[in-house]
Amino acid sequence: KKNLIVRLLFYLDKITGKKTTPNYQIDIPELFLNKAKELMPNDQRYIGFSITAGHPMRVKEISIQEIIKVANYYSKDFVPTFFIEDKYIEIKDKIKKEVHNSFFPEESVSIEFKKPMMVTALGNFTEFNITIDNGISHMLSFSKSKNYKFCNDSAYKFKPLNNNTIIYDCEKTSKKINELKSEEIINFINNN
């Protein structure tokens, strides 16, 4: 259905001479926005990280060591904020030990807030987000923040139709996502 919508919008744009984009604005309930504000007060600046893949058989993740380097690079000016499910205990423990000022907001909320809407609400309070191709990246795409999405292949097939997601397509650089170095990630973000 998405491809049909994209094609229809393309033809409509050709006919009208205008650029049409779907309205990606969603109404986040006040309850979730207030909780996000409480967790991420505006006296600090945050960047989000969504780095775990739901499907263990496909290589979709950046090396955890490279993510730690990226997070530490940005931790001078930002609070590295990680959106990682509780089941990834080892990864979370490693990040807590090795990343200065790391923050896991979902650890501070009750069960009623552990919903996709909370991720979108939190995403509204980050300066930008660094993601891979996973479900959380789609939740963050509904936020107001810019998203840098790193993908192995089919990057544009699953790209949100809004304008706040910038894709790094590993297929175009002939490199697998798990081979990306922190310098490449940082350079891509700083140049886009």
Side-chain angles (χ1 to χ4, degrees), residues 28 30-54 60-151 164-168 170 177-192:
I28 300 171
E30 203 66 32
L31 182 69
F32 287 92
L33 280 175
N34 289 339
K35 179 54 87 173
K37 282 181 201 172
E38 178 187 316
L39 292 169
M40 298 169 77
N42 63 6
D43 62 339
Q44 297 186 57
R45 296 169 63 204
Y46 303 85
I47 57 168
F49 288 85
S50 173
I51 58 168
T52 53
K60 293 174 70 173
E61 297 177 355
I62 299 167
S63 157
I64 191 66
Q65 280 312 124
E66 297 305 315
I67 288 294
I68 287 170
K69 290 176 190 174
V70 171
N72 280 324
Y73 171 84
Y74 285 111
S75 71
K76 299 171 196 110
D77 299 312
F78 301 97
V79 175
T81 303
F82 291 87
F83 303 106
I84 299 177
E85 289 178 88
D86 290 338
K87 68 181 180 180
Y88 296 102
I89 296 166
E90 289 177 24
I91 292 173
K92 289 172 84 169
D93 287 344
K94 185 171 186 61
I95 290 168
K96 287 175 184 176
K97 287 178 190 166
E98 297 184 33
V99 174
H100 173 68
N101 206 19
S102 62
F103 177 48
F104 297 81
E106 292 172 293
E107 289 181 350
S108 304
V109 298
S110 59
I111 194 76
E112 70 192 87
F113 290 106
K114 293 192 179 202
K115 297 181 177 162
M117 188 60 73
M118 190 72 225
V119 174
T120 304
L122 290 165
N124 280 317
F125 295 95
T126 59
E127 298 285 324
F128 60 90
N129 300 296
I130 299 169
T131 74
I132 60 171
D133 184 20
N134 62 14
I136 293 174
S137 72
H138 294 285
M139 294 174 212
L140 291 170
S141 74
F142 286 101
S143 73
K144 296 174 186 168
S145 300
K146 186 181 272 191
N147 299 292
Y148 296 96
K149 189 172 180 178
F150 294 82
C151 304
N164 70 340
T165 300
I166 300 167
I167 301 283
Y168 181 98
C170 290
I177 195 166
N178 59 333
E179 297 169 353
L180 281 176
K181 299 295 179 203
S182 58
E183 297 82 15
E184 295 169 289
I185 297 165
I186 292 165
N187 286 338
F188 179 74
I189 292 166
N190 290 342
N191 292 321
N192 290 286

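Because the structure is predicted, anything quoted here is derived from the model rather than measured.
- Figure legend: Lys92 and Phe82 shown without cation-pi pairing, the cationic atom not lying both under 6.0 angstrom from the six-membered ring centre and within 45 degrees of its axis.
- For the pair Phe125/Leu33, a side-chain contact is recorded, criterion being any heavy-atom separation below 4.5 Å from C-beta on.
- Ala71 and Val99 make their closest contact through CB-CG1, 3.7 Å (heavy atoms, listed as atom of the first residue, atom of the second, distance).
- Within a 6.0 Å sphere centred on CD of Glu112, heavy atoms belonging to other residues, nucleotides or ligands number more than 12.
- Counting heavy-atom neighbours within 6.0 Å of Asn42 CG, excluding the residue itself, gives a total of 12 or less.
- Nearest approach of His138 to Asp133, heavy atoms of both residues: NE2-OD1, 4.0 Å.
- Between the Thr165 side chain and the Asn147 main chain, no donor and acceptor come within less than 3.5 Å of each other.
- Note: Thr52 OG1 to Glu85 CD = 6.0 Å, rounded to the nearest 0.5 Å.
- Here the closest heavy-atom approach between residue Ile47 and residue Glu127 is recorded as CG2-CB, 4.3 Å.
- Ring centroids of Phe128 and Tyr74 are separated by less than 6.0 Å, placing the two rings close together.
- More than 12 heavy atoms of other residues, nucleotides or ligands sit less than 6.0 Å from atom NZ of Lys96.
- Closest approach of Lys144 and Asn124 over heavy atoms only: N-OD1, 2.7 Å.
- Residues Phe32 and Thr120 fail the side-chain proximity criterion, which asks for heavy atoms closer than 4.5 Å.
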